[in-house]
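Residue indices begin at 1 and follow the sequence shown.
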Amino acid sequence: MVAIGSRESVIQNLEDAGCEIGMIHDFLGCFDKGQQEKQLELLEHQREYLLGRVHTDERRISCLDYLIYQIQGKTTGKKPACKV
């Protein structure tokens, strides 16, 4: 098993990554049992969740950028496809 730091530092890292208490509990349970594959699955799931939020926010920013562009008088004749 690879050492990844103190239990407290692992908890802090998971909290900083936006993990909910249930996920942290599950992760620590796997940590205690040496279930590294399950730990990696939990981390990947959180990563995918966060990345999905990033993509959603990118689409929202694009919609705002389009409206700003229109208000500034630089219309292109194209309509935005702002489906969030």
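Annotation: the span from Tyr49 atom OH to Met23 atom CE amounts to 12.0 Å, rounded to 0.5 Å. In this structure, Leu14 CG and Asp26 CG are separated by 11.0 Å, a value rounded to the nearest 0.5 Å. In this structure, CD in Gln46 is found 10.5 Å from CD in Glu48, a value given to the nearest 0.5 Å. Put simply, CD1 on Ile24 and CG on Leu42 are 11.0 Å apart, with the number rounded to the nearest 0.5 Å. To the nearest 0.5 angstrom, Glu44 atom CD is 10.0 Å from Glu41 atom CD. Here the straight-line distance linking atom CG of Leu40 with atom CD of Gln35 works out to 11.5 Å at 0.5 Å rounding.
Here the side chains of Glu58 and Ile61 are not in contact, with every heavy-atom distance at 4.5 Å or above. Contact of the Ile11 side chain with the Phe27 side chain is not registered, since no non-hydrogen atoms from C-beta on lie closer than 4.5 Å.
A side chain to side chain contact (heavy atoms under 4.5 Å, CB included) with Cys30 is found for exactly one of Gln39, Gln36, Glu37, namely Gln39.
A donor-acceptor contact closer than 3.5 angstrom links the side chains of Thr56 and Arg59.
Across all non-hydrogen atoms, the minimal contact from Arg7 to Leu28 is NH2-CB, 3.6 Å.
More than 12 heavy-atom neighbours from other residues, nucleotides or ligands sit within 6.0 angstrom of CD on Glu15.
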